[in-house]
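We name chains A, B, ... by the order of the sequence lines, and we start the count at 1 in each one. Note that the coordinates shown come from a computational prediction; the quantities given were computed from them, not determined experimentally.
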Protein chains: 2
Amino acid sequence: MERKRRSATGEQSRRAILNAALDCFSRLGWAATTIEDIRKVSGASVGSVYHHFGAKEGIAVALYIDCLRLHQESLRGRLERKHDAEAFVRTIVTHHIAWSREHPEAARYLLRMRREEAVAAAEQEIQSATGDFIREGFSRLKTYAQSGELLPLPPSVYLPLMLGPAQELLSAWANGHVELKAGIEKVLADAAWRCLRPETAPSRKVP
Amino acid sequence: MERKRRSATGEQSRRAILNAALDCFSRLGWAATTIEDIRKVSGASVGSVYHHFGAKEGIAVALYIDCLRLHQESLRGRLERKHDAEAFVRTIVTHHIAWSREHPEAARYLLRMRREEAVAAAEQEIQSATGDFIREGFSRLKTYAQSGELLPLPPSVYLPLMLGPAQELLSAWANGHVELKAGIEKVLADAAWRCLRPETAPSRKVP
DNA sequence: TCTGGCTCTAGAATCAGATTCTAGTCATGG
DNA sequence: CCATGACTAGAATCTGATTCTAGAGCCAGA
């Protein structure tokens with residue numbers, strides 16, 4: 001899809017605009033930042049902004065995908081090593097929170113924009129940019145479920161059960177209502193596993 | 001705070017505007033509906049809209065509070081009768097989903113606007129309009145936790161654990177990704193209780 | 001080397017739509 | 001009956017997103 005970019009300078013200014021955008025959106029909010037703001041911070045011209053992104057929403061979407069990629073890149077590495085269901089679930093939950101703590105601006109942006117119309121409208125594009133990874137993870141969940149390593153449940157609830165609480169806690173954090181105390185990721189990982197582990201197994205593993 | 005409204009007609013037109021707004025927002029999205037759209041559907045004039053709500057965001061916030069009240073009104077009744085922790089948790093989760101199914105437009109609106117800046121900015125106002133109810137519920141959770149009817153956990157995670165999965169599933173539903181199958185509320189209520197019940201107690205109560 | 005075509009940058013001009021303003025109308029309390 | 005404040009109207013203004021026109025820099029092929 002992406003055609004080859006001829007000049008490196010074009011790519012540079014694209015990045016400058018994205019960086020400026022994250023800065024402005026974090027500081028002022030998406031609706032309140034104007035193209036003029038981004039122009040000033042990035043040093044680009046209006047024409048340049050529109051050349052690269054087409055519209056204000058285009059910036060939001062590109063930035064969203066950019067942050068999502070960072071997030072996934074960092075998760076991918078950790079997941080490849082994990083093989084049993086418990087480790088899989090715990091790793092995903094833990095990583096989600098730890099990553100957010102390490103990249104607060106990007107995380108806040110992702111959390112805030114997730115349901116924003118500007119971004120929701122471009123679902124198609126976002127999926128095609130990141131969908132494989134999620135699809136893959138999802139099918140892994142189903143495999144675990146079928147082999148009895150996870151509680152059998154309607155497929156649509158696995159993701160909500162695994163990440164819903166983390167998402168909710170992180171939202172509260174993103175809006176400044178709570179802090180992310182050290183160790184909170186373990187609390188949520190425990191909870192997620194309590195939710196998803198097969199009924200018969202007690203808390204300790206049976207040797 | 002609310003000063004007495006002199007005329008019933010004023011109140012009527014206020015309602016007409018809110019109804020029109022819910023209709024337009026659902027149909028076109030919040031950002032895409034213009035004051036002109038709302039004016040046409042409601043039959044009010046621009047001046048009238050601004051007299052009642054001050055700004056476009058004012059409409060969004062008033063509507064948000066309106067829907068939240070509906071939701072809470074309906075929950076309040078059911079909660080008053082419940083006394084043990086398990087029933088409390090299950091009722092809240094179940095109600096959340098059942099109510100959304102019964103009031104899809106209002107539910108979608110609440111889900112979509114929850115993190116929208118327009119609404120987030122007015123947190124203050126929203127809290128003062130609905131805060132008692134939530135505060136009360138929250139303190140009830142803490143009481144249960146202290147008396148050992150719930151797993152002891154950091155206070156900030158109770159709400160996420162209880163409602164996070166439901167919220168996440170409902171978001172997927174609001175965006176048309178999944179359906180709300182009959183009985184799904186039981187699945188989530190079970191899961192919430194699995195997460196929150198004290199470790200030692202098995203599913204059945206020990207008499 | 002020259003030319004066409006493409007990416008990219010500039011910034012002025014346009015346009016849509018939110019908000020403000022002025023001028024009333026109407027009901028009520030005094 | 002008058003003054004007042006809630007309320008309605010709709011024209012005028014203003015802000016900021018988007019579009020448009022022009023031009024610079026660069027590469028490929030003639």
Ignoring backbone atoms, test whether B:Thr34 places a side-chain nitrogen or oxygen under 4.0 Å from the OP1 or OP2 oxygen of C:dA16. no
Interatomic distance where CG belongs to B:Asp37 and P belongs to C:dA16 [whole Å]: 14 Å
For A:Glu36 and D:dT18, what is the distance between atoms CD and C1' respectively, to the nearest whole Å? 14 Å
Could you give the OH-to-C1' distance, from A:Tyr50 to D:dT21, as a whole number of Å? 17 Å
Between atom CZ in A:Arg39 and atom C1' in C:dG11, what is the gap in whole Å? 9 Å
When rounded to whole Å, the CD1 to P distance for the pair B:Ile35 and D:dA11 reads 17 Å
Taking the six-membered ring of A:Trp173 as reference, does the NZ or CZ atom of A:Arg108 fall below 6.0 Å from its centre and within a 45° cone about the axis? yes
With the side chain of B:Lys56 defined as its heavy atoms from C-beta on, choose the nearest nucleotide among D:dT18, C:dA18, C:dT20. C:dA18
Separation of C:dC26 atom C1' from B:Gln12 atom CD, nearest Å, is 15 Å
Contact under 4.0 Å: B:Ser45 side-chain N or O vs D:dT8 OP1/OP2: no
Rounded to the Å, how far apart are A:Lys40 NZ and C:dT9 P? 20 Å
Hey, is the side chain of B:Ser13 poking within less than 4.0 Å of OP1 or OP2 on D:dT8, counting only N and O atoms? yes
Any salt bridge between A:Glu149 and A:Arg197, counting N to O under 4.0 Å? no
Is the phosphate of D:dT8 approached by B:His51 (side-chain N or O, under 4.0 Å from OP1 or OP2)? no
Check each of A:Trp99, A:Tyr64, A:Phe133 against A:His71 using the ring pair (Phe, Tyr, Trp, His ring centres under 6.0 Å) test, and report the only one that passes. A:Trp99
For residues B:Gln167 and B:His96, is any side-chain donor paired with an opposing acceptor at under 3.5 Å? yes
Of all the choices, D:dT18, C:dT19, C:dC8, which nucleotide is nearest to the side chain of A:His52 once you look at every atom? C:dC8
With no hydrogens and no angle check, is any side-chain donor or acceptor of B:Asp37 less than 3.5 Å from a backbone partner on B:Thr34? yes
Starting at CD1 of B:Ile17 and ending at C1' of D:dC7, how long is that distance when rounded to a whole Å? 11 Å
